[in-house]
Amino acid sequence: MYLIAIAWAYVALMMAAAEATSPQGTLFGAFITLMLYGILPLGLLLYILGTPGRRRRKRAAEASAQADAGGHAAAGPAQGLAPEREEA
C-alpha cells in the first residue's frame, strides 16, 4: 500500500514541478496541482485503506480492557474489610 502511495506522491510532485517551471505555469498553479492531485487524494486513500487496521486495534484494546476488568481477584483487601491475619 505504501509503495503505491509513494509512487503517486512522486508523480504528483513531478507534475507540480513541471507546472512551476513551464513558461505558462505559475507557482500557485503548481501548489494547486500538488494539493488536488497529490496530498488530498493520498490522504483520503490512506485514511480509507487504514480503516480496517484502526478497527482491529480498537477491538483488541477493548478486548484486553475487558479481560483485565473481569475474572481477576482484587489486588488488596476489599474496602471496609480488615486485612487477612496470619497465624504464627
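Side chains included, hydrogens not; waters and symmetry mates left out as well; all remaining heavy atoms used. FYI, the numbering just counts along the sequence from 1.
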Can you name the closest pair of heavy atoms from Gly38 and Ala12 and give their distance? CA-CB, 3.6 Å

Euclidean distance, Leu49 CG relative to Leu44 CG, rounded to 0.5 Å: 9.0 Å

Within 6.0 Å of CG in Leu46, more than 12 heavy atoms from elsewhere: yes

Nearest heavy-atom pair of Pro52 and Ile48: which atoms, and what distance? CD-O, 3.9 Å

Enter the distance from Phe31:CZ to Ile39:CD1 here, rounded to the nearest 0.5 Å. 7.0 Å

Tell me whether Ser22 contacts the main-chain N or O of Ala18 through its side chain, where contact means a donor paired with an acceptor under 3.5 Å. no

At what distance, to the nearest 0.5 angstrom, does OG1 of Thr33 lie from CG of Leu27? 11.0 Å

For side-chain contact (heavy atoms from CB on, under 4.5 Å), just list the numbers for Ile32 and Met35, CA-CA rounded to whole Å, side-chain angles, deciding distance to a tenth of an Å, and then say yes or no. CA-CA 5 Å; Ile32 295 299; Met35 292 300 290; 5.6 Å; no

Minimum-distance pair of heavy atoms, taken over all atoms of Ala30 and Ala16: CB-O, 3.2 Å

What's the shortest heavy-atom distance between Tyr37 and Trp8, and which atoms? O-NE1, 2.6 Å

CG on Leu40 to CG on Leu45, rounded to 0.5 Å: 12.5 Å

To check you understand the geometry: which heavy-atom pair defines the closest contact between Pro41 and Leu36, and what is its length? CG-O, 3.3 Å

Once you round to the nearest 0.5 Å, how far does CD of Glu19 lie from CG of Leu34? 11.5 Å

Mark yes when over 12 heavy atoms from residues, nucleotides or ligands other than Arg54 sit less than 6.0 Å from its CZ; otherwise mark no. yes

